Protein chains: 2
Amino acid sequence: MARTAAPGTRERILDVAGALFYTEGVRAVGMSRIIGEVGCGKNLLYAHFPSKTDLVAAYLGRFRERRDRAEAQALREAGDDPGERLVALVAEIAGRLRRPDFRGCPFRNLLTEFPAGDELPERMAREYLAQTCELVGRLAGATGVPDPEGLADRIWLIIDGLYASGFRERAAEVAPDMVREAIAAARDPRAPAV
Amino acid sequence: MARTAAPGTRERILDVAGALFYTEGVRAVGMSRIIGEVGCGKNLLYAHFPSKTDLVAAYLGRFRERRDRAEAQALREAGDDPGERLVALVAEIAGRLRRPDFRGCPFRNLLTEFPAGDELPERMAREYLAQTCELVGRLAGATGVPDPEGLADRIWLIIDGLYASGFRERAAEVAPDMVREAIAAARDPRAPAV
DNA sequence: GTCTATAAGGGGATAGAC
DNA sequence: GTCTATCCCCTTATAGAC
């Protein structure tokens with residue numbers, strides 16, 4: 001609105017709000033808390049984000065943009081082999097586990113906080129999960145294994161486990177190997193059977 | 001407090017509160033809502049549970065009792081082989097996924113809602129996760145594979161994935177196989193490498 | 001005109017009292 | 001059971017500072 005509004009204000013608000021939402025939860029962080037930590041007036045925040053829902057949606061949107069960029073880069077560097085692309089996808093996610101500020105997947109976390117909600121943030125979260133799940137399915141299909149559905153289920157389970165694992169960050173080390181093994185087993189269905 | 005309190009009142013409160021907490025989230029459900037759905041007076045509820053924290057702790061406690069019983073039974077039926085016991089443990093968890101009212105792990109969900117909390121419910125949740133993780137480690141160690149730590153990490157990742165997967169319930173079908181494969185691969189470390 | 005500071009509205013939370 | 005106390009939530013409105 002402002003003709004010469006202070007640049008970067010919106011980003012600064014999103015920085016603070018995003019960090020709080022992610023580490024403490026959306027429900028746990030009130031608008032007053034954000035205003036206090038940003039150090040701005042209440043009006044300024046509501047000028048940029050008319051409601052808390054808008055602010056949460058912007059928080060998820062920014063998370064998604066960064067996620068998509070990192071994912072695209074990982075897939076680009078992995079080359080053309082669908083199996084290697086699956087490994088790279090999981091390895092990229094596993095890399096996030098090692099960051100000290102990692103606290104799971106913001107989309108899954110939001111749906112845990114608002115399981116019945118159907119506003120923009122919840123829809124964004126469900127859309128993200130559906131699209132990522134679909135990507136896994138496409139990559140699994142491209143490997144040419146006899147049972148691509150089963151392979152996709154396994155990879156998705158590993159990804160879910162990575163995001164849920166607040167306890168063992170060593171999961172980051174085994175996850176890519178598990179993907180390789182799942183692909184190998186899918187290519188040679190006779191082998192397993194303990 | 002009543003001399004001859006109606007029997008089952010406490011259980012009825014826990015039934016209602018537990019279902020609401022589990023399906024809608026602890027933060028999303030207020031005491032007034034619970035009182036309304038139970039149909040009792042406010043005094044009666046606060047007589048049994050002096051605070052919401054107590055009620056949440058009781059909700060988790062009952063969940064844990066049932067979990068422990070089901071887990072013990074699954075392990076009993078699995079026999080003595082540590083590998084089979086790991087498979088049975090995961091299969092028992094996978095079975096929960098198929099229930100229509102499944103909405104993840106109540107302990108993990110609580111920690112997502114209260115990541116920084118340190119009251120009784122949060123401690124109960126962390127204790128449950130730590131003990132289950134420890135059980136997996138013991139069973140993995142008992143298999144006698146060269147790298148029990150790595151095996152335990154894999155199994156724990158699968159369990160985490162099962163609880164997080166709100167999307168693909170087909171995960172329930174592949175998870176036990178993944179456990180078998182992980183054990184087989186751990187017993188013969190040369191095989192994998194796609 | 002841009003932003004801050006403060007107050008207040010309307011609702012619902014937990015909890016206590018009678 | 002109802003009624004009240006206290007608090008915090010999101011949001012809007014008002015008033016003042018630069």
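Just so it is clear, the model here is predicted, and its values are computed rather than measured. In what follows, chains carry the letters A, B, and so on, assigned in the order in which the sequence lines appear, proteins first and then strands, with residues in each chain numbered from 1. Quick note: numbers below take in every heavy atom, side chains included, and nothing from hydrogens, waters or symmetry partners.
- Side-chain proximity of A/Cys40 to the nucleotides C/dA15, C/dT4, D/dT11 is greatest for C/dT4.
- The residues A/Arg67 and A/Glu92 are annotated as salt-bridged, a charged nitrogen and a carboxylate oxygen being separated by less than 4.0 angstrom.
- The side chain of B/Ser32 sits closest to C/dA13 out of C/dT14, D/dT12, C/dA13.
- Taking atom CZ of A/Arg12 as the reference point, atom P of C/dT4 lies 8 Å away to the nearest angstrom.
- One N or O donor and one acceptor, one from the side chain of A/Asn43 and one from the base of D/dT14, sit under 3.5 Å apart.
- If you take CD1 of B/Ile34 and P of C/dA13, they are 10 Å apart, rounded to a whole angstrom.
- A straight line from OH of A/Tyr46 to C1' of C/dC3 spans 17 Å, rounded to a whole angstrom.
- At a threshold of 4.0 Å, the pair A/Glu84-A/Arg180 counts as salt-bridged, since one of the basic side-chain nitrogens sits closer than that to a carboxylate oxygen.
- With a 4.5 Å cut-off on side-chain heavy atoms, A/Phe63 and A/Tyr128 do not count as touching.
- At whole-Å resolution of the value, CZ in A/Arg10 and C1' in C/dC3 are 18 Å apart.
- The CZ-C1' distance, from B/Arg27 to C/dG12, rounds to 15 Å in whole Å.
- Applying the 3.5 Å distance criterion, the base of C/dT4 shares no donor-acceptor pair with the side chain of A/Lys42.
- Nucleotide D/dC10 holds its P atom 12 Å from the CZ atom of A/Arg33, rounded to whole Å.
- Atom-to-atom, CZ of A/Phe49 to C1' of D/dC10 comes out at 16 Å; the value is rounded to the nearest Å.
- In this structure, the CG atom of A/Leu44 is 15 Å from the C1' atom of D/dC18, given to the nearest Å.
- Looking at which nucleotide of DNA chain D each of A/Lys52 and B/Gly41 is closest to, the 5′-most match is held by B/Gly41.
- The pair B/Arg123-B/Glu127 does not count as a salt bridge, with every side-chain nitrogen at least 4.0 angstrom from each carboxylate oxygen.
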